[in-house]
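Just below is one structure, and these are the notes that go with it.
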Amino acid sequence: MSSDEVFELRPAAGELRYVFGGGEPLLRVPPGSVIELSTEDCFGGKVRSVADLPSRVCEFPYLNPVTGPIHVEGAEPGDLLAVHFAAIRPARDWAVSATFPHFGALTTTHATAMLHEPLEERVWMYAVDAAAGMVRYSARASDHTVELPLDPMHGTVGVAPAAGEVTMSITPGAHGGNMDTPELRAGTTVYLPVNVPGAQLAIGDGHCRQGEGEVCGTAVEAAMDTTIVVDVVKGAGTGWPRLESDDFLMSTGSVRPLEDAFRVSQHDLVTWTAQLTGLEQLDALQLVSQAGLAPVGNVVDTNYTMLAKLPRVVLGGAQAYDGIHTRLREIGRTHV
């Protein structure tokens, strides 16, 4: 199925959501639809200078807003929702990052109890030059600056969880959510297991760029203007979100501890590889072991995210989901 109409979703501040699951959809679309949407940054646009400490200008738990839900007609539990990111563009000429006292990979947190003092709360502002394709890092304690490549992505994309669960937008899991992987850039298709009628897709947490792991707890956080194409693969539901680009297939795992997130992602990729190629399981394990990569998503959220990544060239021409990534990519290219 496909739709010739381009849908728009640009929610007002009061329409932003902070959870996956529950609530009425802001938009209903048929499969094959192109959607142009806007997203706010993880601070809701309230951190605009180095003096705007998040603890002062933001209100917990109203952090990491997402745009949605989007109800995709015909999506039913057991199906797979395909979401192709055709374009992700910074909406402003500035972005922001921060450290927090009890958040991040290198500080004491509620789950990692330490006697030492937590990190200082501090804000960094980044200049964004979309035309030049760069963001400018500026140190706070010196005059050191570095121009870094602009690499827009969405840290958060997901659907309603199973069993009527409502989950904070900051938490990644089997429904997707705040996976914080730099692989989620324009040109990538995300496959999400459908748990409720309509899937109830939501997207947010735009990053101008992010290093693997999101070690300090935040990326270069930015509002985004994003174009997606959505479709439904009937009866193809998976246990965990998967990603596909022109060059790679990727599986995700979002749990704690980190080694179990690694195991989940690797297990899914080995199983997927065997299904696509017809390889016996141990042969698929051998292939993934020698040709695969293991980029980190996040090591700071309520669950950690790992990816398992395999070059498509080693799959002997096998196509995931009958080549839906290529089809959605071409639809997206006609609208950006």
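What you see is a predicted model; the values in this text were computed from it and never measured.
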Using the rule that Ile, Leu, Val, Met, Phe, Trp and Tyr join whenever any side-chain heavy atoms are under 4.5 Å apart, tell me whether [X] and [Y] fall into a single cluster.
X	Y	value
F100	Y304	yes
I170	V157	no
V194	L27	yes
V196	V166	no

Are the side chains of [X] and [Y] in touch, meaning some heavy atoms are under 4.5 Å apart?
X	Y	answer
L293	F248	yes
I88	M224	yes
H154	R185	no
S49	D52	yes
P101	L119	no
V230	I70	no
V300	C216	no
I228	L201	yes

- Message: Could you check whether H84 and H325 have their ring centres less than 6.0 Å apart?
- Response: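 Centroid distance H325-H84: below 6.0 Å, so yes.
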
- Message: Let's go through E76 and K234 carefully: what are the C-alpha distance in whole Å and the side-chain angles of both, what is the deciding distance for salt bridge (Lys or Arg N to Asp or Glu O under 4.0 Å) to 0.1 Å, and is it a yes or a no?
- Response: CA-CA 8 Å; E76 296 290 339; K234 300 300 292 184; 6.0 Å; no

Any donor-acceptor N/O pair, [X] side chain to [Y] backbone, under 3.5 Å:
X	Y	value
S97	A219	yes
T107	G104	no
D129	A132	yes
T271	H267	yes
T227	A87	no
N195	A160	yes
E59	R56	no
S142	A139	no
T171	T167	no
T108	P118	no

Compute whether any side-chain donor of one residue and acceptor of the other, for [X] and [Y], lie under 3.5 angstrom apart.
X	Y	result
E121	S55	yes
T181	E183	no
T39	D205	no
N303	S254	no
S38	D225	no

Which heavy atom in [X] sits nearest to a heavy atom in [Y], and how many Å separate them?
X	Y	result
R256	A111	NH1-CB, 3.7 Å
G253	V264	CA-CG1, 3.6 Å
G74	V232	O-CG1, 4.5 Å
P241	A174	CD-O, 3.4 Å
T156	S169	CG2-O, 3.8 Å
G297	Q210	O-NE2, 3.5 Å

With the threshold set at 4.0 Å, does a side-chain nitrogen-carboxylate oxygen contact exist between [X] and [Y]?
X	Y	result
R92	E40	yes
E36	R10	yes
E73	R28	no
D247	R312	no
R327	D322	no

- Query: Sequence neighbours excluded, which residues qualify as salt bridge (Lys or Arg N to Asp or Glu O under 4.0 Å) partners of R48?
  - Reply: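 Residues passing salt bridge (Lys or Arg N to Asp or Glu O under 4.0 Å) with R48: none at all.
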
- What orientation do Y137 and H144 show, parallel under 30°, tilted 30 to 60°, or perpendicular over 60°?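 Judged by the thresholds at 30° and 60°, the geometry between Y137 and H144 is perpendicular.
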
- Task: Under 4.5 Å between side-chain heavy atoms, chaining through other members, with only Ile, Leu, Val, Met, Phe, Trp and Tyr counted: pull out the rest of the cluster around L16, sorted by chain and number.
- Result: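 Its cluster partners, ordered by chain and number, are Y18, Y62.
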
- Item | Passing option when T305 is tested against T252, N298, N178, D180 for side chain to side chain donor-acceptor pair (under 3.5 Å) |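 That would be N298; it is the only one of T252, N298, N178, D180 passing the side chain to side chain donor-acceptor pair (under 3.5 Å) with T305.
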
- Check the surroundings of atom NE2 in H110: do more than 12 heavy atoms from other residues, nucleotides or ligands lie under 6.0 Å from it?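 No, the 6.0 Å shell around NE2 holds no more than 12 heavy atoms from other groups.
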
- Assess whether atom CZ of R140 is packed by more than 12 heavy atoms of other residues, nucleotides or ligands within 6.0 Å.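 It does: R140 CZ has more than 12 such atoms within range.
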
- Query: According to the side chain to side chain donor-acceptor pair (under 3.5 Å) rule, which pairs have a member within residues 275-292, sequence neighbours left out?
  - Reply: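 Counting only pairs at least two positions apart or across chains, the side chain to side chain donor-acceptor pair (under 3.5 Å) contacts touching residues 275-292 are Q286-Q290.
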
- Could you go through the side-chain hydrogen bond (donor to acceptor under 3.5 Å, both in side chains) check for T189 and E244 one step at a time? CA-CA 5 Å; T189 301; E244 182 176 2; 5.9 Å; no

